[in-house]
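Since we're looking at a predicted model, the values are computed, not measured.
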Amino acid sequence: MSGTTRPTPSPERARPAASDVVRAVNGVLLPGFTGTDDPPAWLAEAARDGLAGVVLFGHNTPDVATTARLTARLRGASPDLLVAIDEEGGDVSRLEAATGSSLPGNAALGIVDDVEVTERVGVALGRLLTATGVDLDLAPDLDVNSDPDNPVIGVRSFGADPALVARHGAAFVRGLHAGGAGACGKHFPGHGATNVDSHLALPVVDASTDELRARDLPPFVATMTRRDPASPADDVVLDAVMTAHVVVPALGPLPATLEPAVGALVRELGFEGPVVTDALDMGAVAAFGAEGAAAGIGEVAVRAVEAGADLLCLGTTVGRDDEALFRQAQDALVDAVTAGRVTLDRLRESADRTARARAAVRARQAASGVVPSPESALAALDELGRVGAEVAARAVRFAGPVPADGPVVTGTPDVVDLRLRFDHAAGRTAQHVQRALDEAFGPDVRHLRPADADAWAHAVATVRASDRPLLVLTREPVLGSGERTRLGELLAARPGAVVVHTGFPGAVEQWFGTDLPAADGAPRAVVVVACGTGRANARAAVALLRGRPATAPGEGSR
């Protein structure tokens with residue numbers, strides 16, 4: 001044994017053990033996975049080694065009882081695992097992906113414009129989330145839908161007015177908290193002024209900082225800090241904020257998820273909780289590596305952390321290797337720590353933010369009195385259905401003059417669906433309206449969905465020759481669009497047809513004004529504004545068609 005002593009490296013120069021690095025890296029990862037029962041082995045191992053949490057998708061949650069059992073098994077792997085889900089209600093539902101949401105969605109709440117109702121919806125949804133063992137709802141959507149041609153937000157927004165979105169966003173957060181759940185507002189700094197779907201490509205919000213602060217940021221400002229720090233009842237502060245995959249040139253050249261100026265803006269506005277990325281496998285950022293090169297999700301994950309993200313949502317798709325996606329992000333972050341691009345202190349700061357948010361959510365869960373179980377999940381789902389049906393009945397209405405009392409549609413209809421664009425946020429082109437029509441009018445309803453020119457020609461010929469009532473389903477009949485052109489052709493061929501509009505209600509007057517075609521002396525089309533495609537919306541729209549009590553525009557808050 002030598003008489004000399006080797007000097008101890010200083011803490012800042014000491015190379016941390018590999019297990020410490022992996023644990024710190026795991027503390028910022030939020031992967032998805034495939035399965036409805038036991039978590040896969042790789043996920044259970046990561047959970048035991050500091051994994052921040054998981055995101056559940058529709059393929060994990062075939063029903064609420066299964067979800068409650070799954071989350072119990074996830075917590076068996078690690079009680080500190082944060083379980084998140086994208087449950088907005090309306091068009092975007094994971095807990096009710098198979099059946100359609102019991103809630104009519106944000107656009108319907110904005111139309112009703114009763115903050116007490118919005119809070120009540122939040123409470124019912126929060127209790128369902130708590131009963132199924134979910135900690136963090138990746139909702140509400142706080143985007144101000146200022147562009148009616150927005151293909152990815154639309155009815156997911158409370159509306160086009162910043163003040164309306166702010167007050168209903170705050171009410172929704174307050175309700176979720178009362179029900180025991182955490183809330184994550186999205187998509188910061190605003191996704192409402194885009195006409196590109198970020199699931200597919202990279203949108204650009206070309207607005208000045210003054211425009212952003214006046215139009216897009218108010219709903220986030222209203223929910224990022226306590227309005228009255230002295231009042232514990234002022235519980236509208238988000239537990240997390242999700243960034244958008246949009247470029248805002250006024251803030252910087254990179255997508256907001258990867259733009260350090262956006263992360264700095266979150267902190268400048270006073271928010272102290274974790275920043276969550278939108279799914280890093282989405283088309284807007286999935287290939288956004290160094291200098292814009294295709295470097296895969298690993299480099300994207302590192303750049304998101306460098307931009308200020310605390311939790312990296314990795315996304316998932318059935319049939320894809322979820323572990324490979326997780327390992328790519330994990331390995332890239334470990335390499336970034338080794339190379340000095342990301343420090344352990346930086347990762348631990350993120351883990352601390354997540355831990356504080358998780359502790360706050362768990363305290364609310366305990367205070368709610370809801371005990372997670374399949375039985376309590378089913379009971380909470382029943383209550384959610386009652387609340388959702390009431391709201392949908394108030395929100396869904398006729399545009400323009402209300403038809404005379406009695407059924408609008410008598411007899412078995414032909415239904416032409418003009419909604420051809422796949423809805424990536426909802427997971428598919430929803431068929432809940434068609435199902436509700438089948439339930440109401442029987443199995444002989446004829447459904448036509450013209451996807452190409454030949455099918456369109458067949459649909460027009462069919463409805464011209466038919467003596468059945470004609471129903472037309474729309475989502476984005478933007479002036480000059482193919483959907484609008486086809487709508488005009490159908491209404492010219494069949495004046496007095498009935499339109500069920502499932503898209504953004506804020507543009508109804510623009511899209512369904514006095515210029516809709518009608519033959520001389522024939523009635524113009526009857527338009528039902530469904531405010532979305534959820535199951536609650538569909539059933540309320542069919543109720544109007546069958547002559548049940550309806551509300552005219554402006555009477556929704558009675």
Evaluate the side-chain proximity of [Y] to [X]: yes if any heavy-atom separation is below 4.5 Å, no if none is.
| X | Y | value |
| --- | --- | --- |
| P62 | T36 | yes |
| W511 | V499 | no |
| V361 | L82 | no |
| L314 | D281 | no |
| T502 | V155 | no |
| H187 | D216 | no |
| H191 | K186 | no |
| L125 | L384 | yes |

State whether the side chain of [X] and the backbone N or O of [Y] hold a donor-acceptor pair below 3.5 Å, judged by distance alone.
| X | Y | answer |
| --- | --- | --- |
| T61 | R94 | yes |
| T257 | A244 | yes |
| D114 | E116 | yes |
| E119 | G175 | no |
| N26 | G50 | no |
| E476 | V478 | no |
| R156 | G154 | no |
| T277 | A279 | no |
| E211 | S208 | yes |
| D137 | E87 | yes |

State which residues pass ring pair (Phe, Tyr, Trp, His ring centres under 6.0 Å) with [X]; sequence neighbours excluded, sorted by chain then number.
| X | result |
| --- | --- |
| H177 | none |
| F172 | none |
| F220 | F188 |

Does [X] pair with [Y] as a salt bridge, N-O distance under 4.0 Å?
| X | Y | answer |
| --- | --- | --- |
| R213 | E268 | yes |
| R356 | E272 | no |
| R267 | D310 | yes |

Not counting sequence neighbours, list each pair that qualifies as a side chain to side chain donor-acceptor pair (under 3.5 Å) and has a residue in residues 121-133.
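Applying side chain to side chain donor-acceptor pair (under 3.5 Å) to every pair that reaches into residues 121-133, excluding sequence neighbours, yields nothing.
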Distance from [X] atom [atom1] to [Y] atom [atom2], nearest 0.5 Å?
| X | Y | atom1 | atom2 | answer |
| --- | --- | --- | --- | --- |
| N106 | I111 | CG | CD1 | 12.0 Å |
| R386 | L381 | CZ | CG | 10.0 Å |
| D37 | N60 | CG | CG | 10.5 Å |
| L325 | F33 | CG | CZ | 14.0 Å |
| E383 | L378 | CD | CG | 14.0 Å |
| L311 | L30 | CG | CG | 5.5 Å |

Nearest heavy-atom neighbours spanning [X] and [Y]:
| X | Y | value |
| --- | --- | --- |
| Q434 | D417 | NE2-OD2, 2.9 Å |
| A131 | A68 | O-CB, 4.0 Å |
| L29 | A329 | CD2-CB, 4.2 Å |
| A392 | A540 | O-CB, 3.7 Å |
| P31 | G53 | CD-O, 3.1 Å |
| A47 | S78 | O-CB, 3.4 Å |

Would you mind listing every salt bridge (charged side-chain N to carboxylate O under 4.0 Å, His left out) that reaches into residues 161-171, with sequence neighbours excluded?
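For residues 161-171, and leaving out neighbouring residues, the salt bridge (charged side-chain N to carboxylate O under 4.0 Å, His left out) pairs sorted by first residue read D113-R167.
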For residues 61-80, which residue pairs qualify under salt bridge (charged side-chain N to carboxylate O under 4.0 Å, His left out), counting only residues two or more places apart or in two chains?
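Qualifying pairs: D38-R73, R75-D135.
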In sequence, state the C-alpha distance, the side-chain angles, and the governing distance for V123 and V387, and then conclude on side chain to side chain contact (heavy atoms under 4.5 Å, CB included).
CA-CA 10 Å; V123 171; V387 173; over 6 Å; no
Using side chain to side chain contact (heavy atoms under 4.5 Å, CB included), reason through L56 and L70 one step at a time and then give a plain yes or no.
CA-CA 10 Å; L56 301 182; L70 174 61; 4.1 Å; yes
Pair S93-E88, side-chain donor/acceptor within less than 3.5 Å:
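Distance-only check fails for S93 and E88.
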I need the single residue from R362, R358, R353, R364 that forms a salt bridge (Lys or Arg N to Asp or Glu O under 4.0 Å) with D239. Which is it?
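For D239, the salt bridge (Lys or Arg N to Asp or Glu O under 4.0 Å) check succeeds only for R364.
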Can you say whether the rings of H59 and F57 are parallel (under 30°), tilted (30 to 60°) or perpendicular (over 60°)?
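Answer is parallel, since the angle falls under 30°.
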Please lay out, stage by stage, how T533 and H432 fare under the test side chain to side chain donor-acceptor pair (under 3.5 Å).
CA-CA 6 Å; T533 60; H432 306 308; 5.9 Å; no
So which of V262, V204, D278, V205 actually passes side-chain contact (heavy atoms from CB on, under 4.5 Å) with V246?
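Result: among V262, V204, D278, V205, V205 is the only option passing the side-chain contact (heavy atoms from CB on, under 4.5 Å) with V246.
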List the steps and the verdict of side chain to side chain contact (heavy atoms under 4.5 Å, CB included) for T243 and V275.
CA-CA 7 Å; T243 51; V275 172; 3.6 Å; yes
How far apart are the C-alpha atoms of V300 and L258, what are their side-chain angles, what is the distance that settles it, and do they pass the side chain to side chain contact (heavy atoms under 4.5 Å, CB included) test?
CA-CA 8 Å; V300 174; L258 311 180; 4.0 Å; yes
